[in-house]
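Each chain gets a letter, A, B and so on, in the order its sequence line appears, and its residues count up from 1.
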Amino acid sequence: MKRKFKIFRYDPQKDKKPYYKEYEIEVQDGWTVLDAINHIHFYVDGTLAFRRACRSEICGSCAMRINGKNRLACKTQIKFLGKGTIKIEPLPGLPVIKDMIVDMDPFFKNLEKVKPYFIKYSPLPDEEQLQTPEEREVINEAAICILCGACTTSCPSFWANPDYLGPAALLKAYRFIFDSRDEGAKERLEIINDRNGIWRCHAIFNCTEACPKEINITHYIKKLQNLAVNSEF
Amino acid sequence: MLKPKWFYPSYKKDVGEWAWILHRLGGLALIFYLFLHIFVTNRLAAGPEAFNATMKALSTPLFKFLEWGLWGVILFHAFNGIRLVLVDFAGASKYQKALFWIAFVLFLALWIPAAWKFFI
Amino acid sequence: MEIEKYYHKSDALVVGTGLAGLRAALALADAGIDTITISKVYPTRSHSVSAQGGIAAAIAHASDDSTELHMWDTVKGSDYLGDQDAIEMFVNEAIETVYEMEHMGVVFSRMPDGRIAQRRFGGHSRPRAVYAADYTGHVLLHTLFEQCIKKRVRFFNEFFVLKLVYREDGVVSGVIAWDIRNGGLHIFNAKATLFATGGFGRAFKITSNSFANTGDGLALVLREGLPIEDLEFVQFHPTGLYRLGILVTEGARGEGGYLLNGKGERFMKNYAPEKMELAPRDVVSRAIQTEINEGRGIDGKDYVYIDLRHLGAEKIKERLPQIRELAMNFVGVDPIKEPIPIQPTAHYQMGGIPTTKKGEVTKDSQNTIVPGFYAAGECACVSIHGANRLGTNSQQEAITMGRIAGEAMAEFVKKADLFSIPEQAIEEAEAYVRKYLEGNGSVRPAELREKLHETMTNKVGIFRNEKDLSEAVKEVRELEEQIPKIKVEDKGFIFNLDLQEALETENLILFSEIVAAGALNRKESRGAHYRVDYPKRDDENWLKHTLAWKTPEGVKFDYKPVVITKYQPQERKY
Amino acid sequence: MGSGKSLVKRNKGAMAWFLQRVTALYLFVFLIAHFVIMHFVGTGEVTYETVAPRLSSPLWKAGDLLFLLFALYHGINGLWQVLEDYIRGRGLRLFLYAVVLTIAVVLLVVGTITIFSVNPVK
Ligand SMILES: Cc1cc2nc3c(=O)[nH]c(=O)nc-3n(C[C@H](O)[C@H](O)[C@H](O)COP(=O)(O)OP(=O)(O)OC[C@H]3O[C@@H](n4cnc5c(N)ncnc54)[C@H](O)[C@@H]3O)c2cc1C
Ligand code: HEM
Ligand code: SF4
Ligand code: F3S
Ligand code: FES
């Protein structure tokens with residue numbers, strides 16, 4: 001079947017302004033958007049640039065805006081995108097390097113701010129630290145975030161203010177604060193209990209809608225907000 | 001090294017974002033109305049005549065219409081506000097879309113029929 | 001066009017940020033060594049993130065396991081080609097690796113009493129795979145990345161390493177890389193360099209590997225006139241999603257999944273009556289391919305089923321959530337309700353850059369060390385996996401060998417001098433990218449790659465024979481002649497994906513010749529290398545490692561003995 | 001996770017967030033009641049004679065005072081939230097905070113005067 005793709009193009013070495021370019025290609029049954037743009041890149045227009053690696057929804061490289069919403073290209077089946085032209089653009093809210101390539105540095109810098117690593121002060125056992133399946137379940141969903149950035153870049157609070165840590169970084173904070181083994185809750189709470197932290201979340205839900213791993217990010221941010229409030233009393 | 005460029009984000013809005021935009025605009029409208037309202041009701045302190053005169057001046061069709069609009073703003077902000085509180089404290093984030101539609105229906109149901117009270 | 005050059009110095013250099021690279025960087029950081037890591041993708045995009053099923057260690061939580069048993073299983077699995085001294089060290093270190101990763105915060109799946117859970121895996125005689133649902137590689141890689149952030153490791157992400165600087169005096173003094181994001185050459189000068197560049201699955205059409213797995217490290221080493229070990233051993237994973245090759249973890253069989261042919265039979269009973277679906281991968285892949293070749297695929301087509309339905313919805317959702325999601329999205333099948341169509345998929349390279357037990361790269365059959373050069377992970381060959389890797393041993397190898405190599409490097413750089421980077425090396429690297437940026441070729445990289453895929457998949461696959469293999473060698477060589485004709489449409493510096501693909505394609509073609517020629521050369525069947533014309537293992541002539549060099553006259557071979565300590569080769573039965 | 005008690009320094013936004021919700025609940029009840037009484041009960045005509053009797057009862061006075069206080073708090077806090085989102089310069093933001101706060105204080109005073117100025121109609 002032939003499908004039309006309208007793709008955001010911008011090469012800072014050549015273009016003053018971005019523009020959209022249309023490609024019409026034959027797509028096969030079962031193709032994802034990634035298959036289609038790979039095909040365009042391989043056989044139609046080699047100058048097209050985008051990121052991808054695993055093509056199996058786990059590395060987080062291929063997040064982009066497809067028909068106006070953040071999704072993983074490798075997860076998005078073309079047949080579920082309706083009949084019309086498919087519009088492909090870079091993630092919103094981050095500076096564009098070229099075509100679908102955005103500068104992810106602001107995203108990772110925000111992540112680094114929440115001390116996104118296991119913290120333990122008391123001595124470790126020789127073997128493993130115990131954690132029951134129930135305790136693990138609390139953070140299980142949060143721990144499978146693939147750092148694709150679809151959430152943070154869909155958040156209007158982040159668009160307004162890139163200093164906002166954003167849902168991905170807050171989710172990471174949750175993953176550690178609510179880990180029964182971790183001992184860094186206090187220092188992390190101090191970081192996220194901030195104008196640019198949890199209080200910038202207005203429950204807009206774009207993040208949760210965008211998350212390709214279907215993580216209910218908003219829910220976890222709410223947990224953090226409640227924890228911060230509780231600790232005031 | 002070329003600096004990457006920022007472009008204004010355009011995004012397909014889902015109910016959550018619509019709710020937020022309406023809630024925010026509504027909240028702003030309400031706070032500005034509240035400022036006016038407090039000044040106007042202060043005419044109460046000036047005694048019955050002054051107050052009634054002001055109220056009379058404010059009962060033109062235009063003001064009636066605005067008042068009806070205000071009622072709509074209040075309803076939406078109030079019901080969506082409850083939705084937000086449920087999400088915040090009752091773990092209702094999974095049901096946020098359903099809650100939005102409930103809030104929206106309540107808002108319409110109480111707002112549209114109320115028109116006759118203002119115009120008739 | 002001016003190509004800018006930037007110079008960097010550090011004590012240690014780590015190329016690749018998968019499990020092996022990050023673990024090595026961490027070991028170096030812990031030792032207080034100034035370290036730079038370079039990767040062509042952001043660390044968390046490295047291929048290790050896709051690993052699903054588990055990581056092996058005889059922590060004996062779910063059985064009476066022991067390191068001896070782990071060693072025995074690995075030796076047997078390797079079809080006796082694994083070096084037993086390395087395997088012995090490996091199975092002992094493995095236990096520490098798991099606890100150490102847990103101490104870094106990995107969310108392993110647990111038993112009700114809070115201890116780490118374990119599941120079955122092919123070729124392991126005990127439930128030995130430590131896992132986190134089917135996201136094991138993901139949680140391991142992210143955890144290592146987090147620890148590297150904590151230790152403030154210096155990352156150079158989205159840099160493509162073009163050249164290994166192997167000096168005339170036999171010392172490695174760094175690498176030269178292309179800045180993918182901004183363009184420009186970066187010259188990294190260091191006392192010690194580690195390659196952890198991962199596997200080469202992208203040489204095949206159907207593969208479980210990420211787009212980045214183009215075996216660059218192997219090509220770079222070959223180009224400097226250094227040898228590669230045992231590259232003819234390519235693992236085909238039995239269960240890749242039909243036509244896509246996306247992996248369905250062996251954990252799915254470990255949890256009890258069945259393989260069914262077109263007649264609805266559990267055909268593994270004819271191939272491995274005892275272990276059934278949990279025989280090692282080479283055995284299961286050959287069984288599936290035989291069923292397909294003999295017309296017993298589903299509807300006579302080229303796939304069979306893996307059936308999980310009897311496991312029940314709950315177990316599937318808890319233990320194999322990712323598999324379910326992938327199956328639903330990519331082949332439209334919900335494993336709770338339907339069996340999943342699968343076929344073997346190119347998965348893992350057993351061979352690689354030859355190293356010692358400490359990760360030092362060696363360059364001949366006497367194991368002469370190349371000073372300043374280390375390798376770990378899938379791109380290296382210690383050799384723990386011999387002719388066939390057991391599932392879950394490779395993540396373990398990547399992390400354990402990453403740590404050991406990192407520690408060895410830390411020791412080394414404390415005493416070593418910094419050798420300069422010869423001007424000539426920089427010129428070569430520059431000429432190397434220039435030929436694409438200024439060239440006027442006519443063949444798209446994708447076209448060459450497609451031809452390579454056809455050759456490698458059809459002629460260097462699960463079943464091999466003399467005729468196919470010699471054709472394959474010839475065809476790959478022809479492709480190599482076409483490299484100068486590669487057309488790079490994008491002439492820009494900024495994120496030039498086209499250029500990157502040209503470079504990768506060149507690398508793929510370069511080492512593929514070694515794979516094909518090695519397979520042609522080895523006249524026996526052992527582990528994953530199956531010669532229809534020599535169906536028996538031949539210990540007399542071939543119980544030895546292949547070392548292969550790339551020379552202008554073609555591939556040159558030499559051999560290295562297998563280290564045998566505890567277990568004498570015997571017939572391998574499952 | 002450590003114990004929940006006093007993990008954080010005060011005044012970083014937790015209380016403002018919490019009170020925004022608490023006041024919201026009060027406002028929900030009172031504001032809707034207020035509007036219904038004003039516009040739907042009786043003629044819907046707002047005159048001194050209809051308003052004053054209610055306002056002069058001490059209970060209504062208390063409720064109205066709280067309403068005034070909460071509405072202003074909720075509104076001002078909400079405005080600050082919006083300013084925090086969009087005004088990134090610290091100086092300008094603090095200035096605008098101050099403006100909003102001043103208006104609110106003035107209004108609080110004006111509103112309080114209003115509430116206490118109303119006495120039963122003779
Ligand atoms: C789908 C799948 C599932 C698997 N499941 C399991 C499992 O359950 N258990 C198990 O034990 N093993 C499993 N494996 C195997 C295991 O994941 C890999 O062998 C292991 O992760 C390899 O790690 P690595 O660090 O060596 O390489 P990788 O993770 O592949 O990392 C390679 C790194 O090198 C970098 N690089 C490469 N070339 C260049 C260059 N030219 N310039 C700069 N950087 C470069 C890349 O950017 C990347 O960071 C699985 C593999 C696959 C494909
Ligand atoms: C009727 C009952 C009301 C309820 C249930 C309610 C609920 C809420 C809630 C929960 C918020 C927080 C939203 C967020 O943090 O994103 C909010 C914000 C706000 N409210 Fe109300 N509110 C009510 C009445 C009012 C009134 C009377 C005013 C005007 C004085 C007002 C003005 C605002 C403003 C300006 C905001 C900030 C908007 C924003 O941050 O987007 N609200 N309201
Ligand atoms: S939370 Fe979801 S959307 Fe956000 S980075 Fe993680 S996986 Fe991506
Ligand atoms: S979109 Fe943004 S406002 Fe909160 S719910 Fe998600 S972070
Ligand atoms: S390519 Fe890895 S998530 Fe899409």
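- Remark: Lys223(A) pairs with no residue by the salt bridge (charged side-chain N to carboxylate O under 4.0 Å, His left out) rule, at least two apart or across chains.
- Residues Pro162(A) and Arg88(D) have side chains in contact (heavy-atom distance under 4.5 Å, counting atoms from C-beta outward).
- For the pair Glu84(D)/Asn161(A), no side-chain contact is recorded, criterion being any heavy-atom separation below 4.5 Å from C-beta on.
- For Lys21(A), the salt bridge (charged side-chain N to carboxylate O under 4.0 Å, His left out) criterion is met by Asp45(A), not counting sequence neighbours.
- Heavy atoms from other residues, nucleotides or ligands lying under 6.0 Å from OH of Tyr20(A) number more than 12.
- Counting only heavy atoms from C-beta outward, the side chains of Arg195(A) and Gln81(D) never approach each other to under 4.5 Å.
- Here ring pair (Phe, Tyr, Trp, His ring centres under 6.0 Å) pairs that include residues 203-230 of chain A, with residues two or more places apart or in two chains, are Tyr174(A)-Tyr220(A).
- Pairing each heavy atom of Ala14(D) with each of Ala228(A), the nearest pair is CB-O, 4.1 Å.
- Residues of residues 17-35 of chain D lying under 4.5 angstrom from chain A, judged on non-hydrogen atoms, are Trp17(D), Phe18(D) by number.
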